[in-house]
Amino acid sequence: MFRRRFRLVFSLLFATAIMFSHFASLSARSDQDSAFSAAPPRTLIRNASLMLTMDPNLGDGLLGQLENADILLEGDTIVAVGHNLNGEGARVIDATGKIVMPGFVDTHNHLWQSLIRGCAHDESLDEWLFQCVVPFRAASLPVSEQDAYNGVRYSTLDLIGTGVTTVVEVSHAFTPEFVRGSVRALTDSGLRFAYSYTGNSQPATIQHIRAVKEEFIDPNPLASLQVGSHPVPANFSNGNLQAMVALAKEFDVPLNVHLLEGASQRRDEPLKLLEQSGAFPDVQVIGNHGIHITDQEIADYLVKYDIRLTHNPLSNMRLASGFMRLHELHAAGVKVGLGLDGGSNDTSDFFNTMRIAVGIQRGRFMTADVYPSVPEVLRMATLGGAELLDMDDEIGSLTPGKKADLIIINPRAINFGRAMDLVAQLVFNGQPQNVEWVFVNGRALLADGKYVGVNPDKVIDAVEESMIKVKRELEPFLK
């Protein structure tokens, strides 16, 4: 009886949306080390045993491979890639024996969900949502600004540790306080990020999105805005979708939606709802998951309107959602990037996400001759994600003139065997422990394996308090 009543309340909540009742003042600065800190004037990364530029014009093959190569950074920009570069006046980092490549682009995440890692671990998608996420949409279970900050900040350290330099945070935007805590944490992280504000048709919500854009996003060169509609494009929430489509057009930003993640979402035909809402052809739509899409929809919608998809293989397996038809989508020319997807993944290990993305398709077709190959999944994790986000003119490859977002990986470790193919081992053997340096916009966020400008123990202490609080609040809803 309780669960039936709860589901009814849940439907009503989504049907009527959430009305924000007040706004607190926003601050785009923090007492912590800020993303606006200047990068060193010059940095020379010297003698990398393997450099993957992701630019075929700068090296061999799809990945633009170079051996014993240097890369020179000036401020936030890559200025040269080659051999024996002049490092006069530069900070020099010796990359002998190491791998240098662009940072990973995480195209889909819910960073606050580090607070619910391990929640409902034996449930499929719908039950996991009802037990672990939906309760926080009720006013009786708010996630405070500090809890949101703690969860997102903790997750950003996890991302940095696995080599992610750009993340799309698809925020549930429960309250203005939740939003403020989330964006503050992203700003403090130093990561490049897109903040996707999932809103509704209420005037107060739309006003708050405008305020967040003006005070947090626009002043930050590392930040961009997206908008979305929760829970998914569905008949009962169509007014919310229409309002967010209109806002995406006004701001000229992408519309970010969960798209056919679960089989039950087929009944509402979300692609038709997007079409009826006026999204096509003027709005760039990013669909998350895209598992239960038909061949006809690939041709009539995805290809026709350049709808892009995020692939979240670990989350999809954990929640028994199914397997994306990645090989077929690639053959049709659909842009797909990789995503970690928050608490339904539990881990932020981007290497694991790459190898699972390869393994699933090989398992489906029972052959290794299927997309993505090892080089293709590395490209999808870097330049492919940048292309999905229309950021490939700035990031995704080590092309001179682009922003200095890159990572240094040390294969001299127990989990590598350096005598064999290092490119293959990045995917099949790589682990976060191999990531030694992470640069975003020319600024080191991880240096010699240590976080820069933040004490991770303090972040862990803070988030554990929030985790205990969240667990206590969720207990009545858990089986």
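Annotation: salt bridge (charged side-chain N to carboxylate O under 4.0 Å, His left out) contacts involving residues 369-379, sequence neighbours excluded, comprise Arg379-Glu387. For the ring pair (Phe, Tyr, Trp, His ring centres under 6.0 Å) condition, the pairs that include at least one residue of residues 296-315, sequence neighbours left out, are Phe280-Tyr305. For residues 324-348, the set of pairs meeting the ring pair (Phe, Tyr, Trp, His ring centres under 6.0 Å) definition, not counting sequence neighbours, comprises His327-Phe365, His330-Tyr371.
Arg153 and Thr156 share a side-chain donor-acceptor pair at under 3.5 Å. No donor-acceptor contact under 3.5 angstrom links the side chains of Thr53 and Ser397, judged on distance only. With no hydrogens or angles considered, a side-chain donor-acceptor pair links Asn441 and Arg192 at under 3.5 Å. Side chain to side chain, Tyr149 and Ser182 fail the donor-acceptor criterion of an N or O pair below 3.5 Å. Residues Asp147 and Ser144 bring a donor and an acceptor atom of their side chains to less than 3.5 Å of each other. Under 3.5 Å, the side chains of Asn200 and Thr205 contain a donor-acceptor pair of N or O atoms. Side-chain contact check for Asn415 and Asn434: at least one donor-acceptor pair (N or O, by modelled atom type) lies under 3.5 Å.
Around atom CD of Glu465, no more than 12 heavy atoms belonging to other residues, nucleotides or ligands sit under 6.0 Å away. Other residues, nucleotides and ligands contribute over 12 non-hydrogen atoms within 6.0 Å of the NZ atom of Lys249.
Checking side-chain atoms of Thr107 against main-chain N and O of Leu338 turns up a donor-acceptor pair under 3.5 Å. Between the side chain of Arg308 and the backbone N or O of Leu388 there is at least one donor-acceptor pair closer than 3.5 Å. Side-chain N or O atoms of Ser155 include one that pairs as donor or acceptor with a backbone N or O of Leu111 at under 3.5 Å. No donor-acceptor pair closer than 3.5 Å links the side chain of His289 to the backbone N or O of Leu259. For the pair Arg266 (side chain) and Ala263 (backbone), a donor-acceptor distance under 3.5 Å is absent. A donor-acceptor pair under 3.5 Å is absent between the side-chain atoms of Arg472 and the main chain of Met467, judged by distance alone. Judged by distance alone, with hydrogens and angles left aside, the side-chain atoms of Gln265 form a donor-acceptor pair with the main-chain N or O of Glu261 at under 3.5 Å. Not one N or O on the side chain of Asp268 forms a donor-acceptor pair closer than 3.5 Å with the backbone of Pro270. With hydrogens and angles disregarded, no donor-acceptor distance shorter than 3.5 Å links the side chain of Glu177 to the backbone of Glu145. Judged by distance alone, with hydrogens and angles left aside, the side-chain atoms of Asn316 form no donor-acceptor pair with the main-chain N or O of Ser321 at under 3.5 Å.
Shown here for Leu446 and Val435, the closest heavy-atom pair between the two residues is CD2-O, 3.5 Å. Residue Thr198 comes nearest to Ala173 through the heavy atom pair O-CB, 3.7 Å, listed as atom of the first residue, atom of the second, then distance. Here the shortest heavy-atom pairing between Leu383 and Lys402 reads CD1-NZ, 3.9 Å. Arg364 approaches Glu328 most closely through the heavy-atom pair NH2-OE2, 2.8 Å. What you find for Val105 and Gly385 is that their closest heavy atoms are CG1-C, 3.8 Å. Counting all heavy atoms, side chain and backbone alike, Gln361 lies closest to Pro372 at CG-CD, 3.8 Å.
By the salt bridge (charged side-chain N to carboxylate O under 4.0 Å, His left out) test, Lys471 is found to be paired with no residue, residues two or more places apart in sequence or in another chain being considered. Residues meeting the side-chain hydrogen bond (donor to acceptor under 3.5 Å, both in side chains) test with Asp393, sequence neighbours left out: none. Gln425 is linked by a side-chain hydrogen bond (donor to acceptor under 3.5 Å, both in side chains) to Asn429, counting only residues two or more places apart in sequence or in another chain. Looking at residues two or more places apart in sequence or on another chain, you find no side-chain hydrogen bond (donor to acceptor under 3.5 Å, both in side chains) involving Gln276. The salt bridge (charged side-chain N to carboxylate O under 4.0 Å, His left out) check on Glu275 picks up nothing, with sequence neighbours excluded. In terms of the side-chain hydrogen bond (donor to acceptor under 3.5 Å, both in side chains) criterion, Asp392 has no residue partners (sequence neighbours excluded). Under the salt bridge (charged side-chain N to carboxylate O under 4.0 Å, His left out) criterion, Glu394 pairs with no residue at all, not counting sequence neighbours. Shown here are the salt bridge (charged side-chain N to carboxylate O under 4.0 Å, His left out) partners of Arg210, two or more places apart in sequence or in another chain: Glu250.
A salt bridge is absent between Lys304 and Glu297: the closest approach of a Lys/Arg side-chain nitrogen to an acidic carboxylate oxygen does not fall below 4.0 angstrom.
Between Asn410 and Phe416 there is no side-chain heavy-atom pair separated by less than 4.5 Å. For the pair Asp106/Phe350, a side-chain contact is recorded, criterion being any heavy-atom separation below 4.5 Å from C-beta on. Looking at Met317 and Ile356, their side chains come closer than 4.5 Å, going by heavy atoms from C-beta outward. Contact annotation: the side chain of Ile291 never approaches that of Leu260 to less than 4.5 Å [non-hydrogen atoms, C-beta and beyond]. Side-chain atoms of Thr166 and Phe193, non-hydrogen and from C-beta on, never get closer than 4.5 Å to each other. Put simply, the side chain of Thr382 reaches to within 4.5 Å of the side chain of Phe104, judged on heavy atoms.
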Practice problem: Using the side chain to side chain donor-acceptor pair (under 3.5 Å) rule, take Asn240 and Ser229 through it: C-alpha gap first, then chi angles, then the decisive distance, then the call. | Solution: CA-CA 6 Å; Asn240 296 336; Ser229 175; 5.1 Å; no
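Here the CD-CG distance, from Gln242 to Leu273, works out to 9.0 Å after rounding to the nearest 0.5 Å. One distance of note links CG of Leu50 with CG of Leu426; it measures 7.0 Å at 0.5 Å rounding. The CG atom of Asp457 sits 11.0 Å away from atom OH of Tyr451, with the distance rounded to the nearest 0.5 Å. Remark: Leu314 CG to Asp349 CG distance equals 8.0 Å, nearest 0.5 Å. The structure places CG of Leu302 at 6.5 Å from CG of Leu271, a figure rounded to the nearest 0.5 Å.
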Side-chain atoms of residues 117-125: list all donor-acceptor pairs with protein atoms under 3.5 Å, sequence neighbours left out, distances to 0.1 Å.
| from | atom 1 | to | atom 2 | distance (Å) |
| --- | --- | --- | --- | --- |
| Arg117 | NE | Asp346 | O | 3.1 |
| Arg117 | NH2 | Asp158 | OD2 | 2.7 |
| Glu123 | OE2 | Gln131 | NE2 | 3.3 |

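Taking the six-membered ring for Trp, Tyr154 and Trp112 have ring centres at least 6.0 Å apart. Not less than 6.0 angstrom separates the ring centroid of Phe130 from the ring centroid of Trp128.
Exactly one of Gln226, His172, His208, Lys213 qualifies for a side-chain hydrogen bond (donor to acceptor under 3.5 Å, both in side chains) with Tyr197. That residue is His208. The only member of Leu159, Asn312, Asp341, Thr310 that meets side-chain contact (heavy atoms from CB on, under 4.5 Å) when paired with Asn109 is Leu159.
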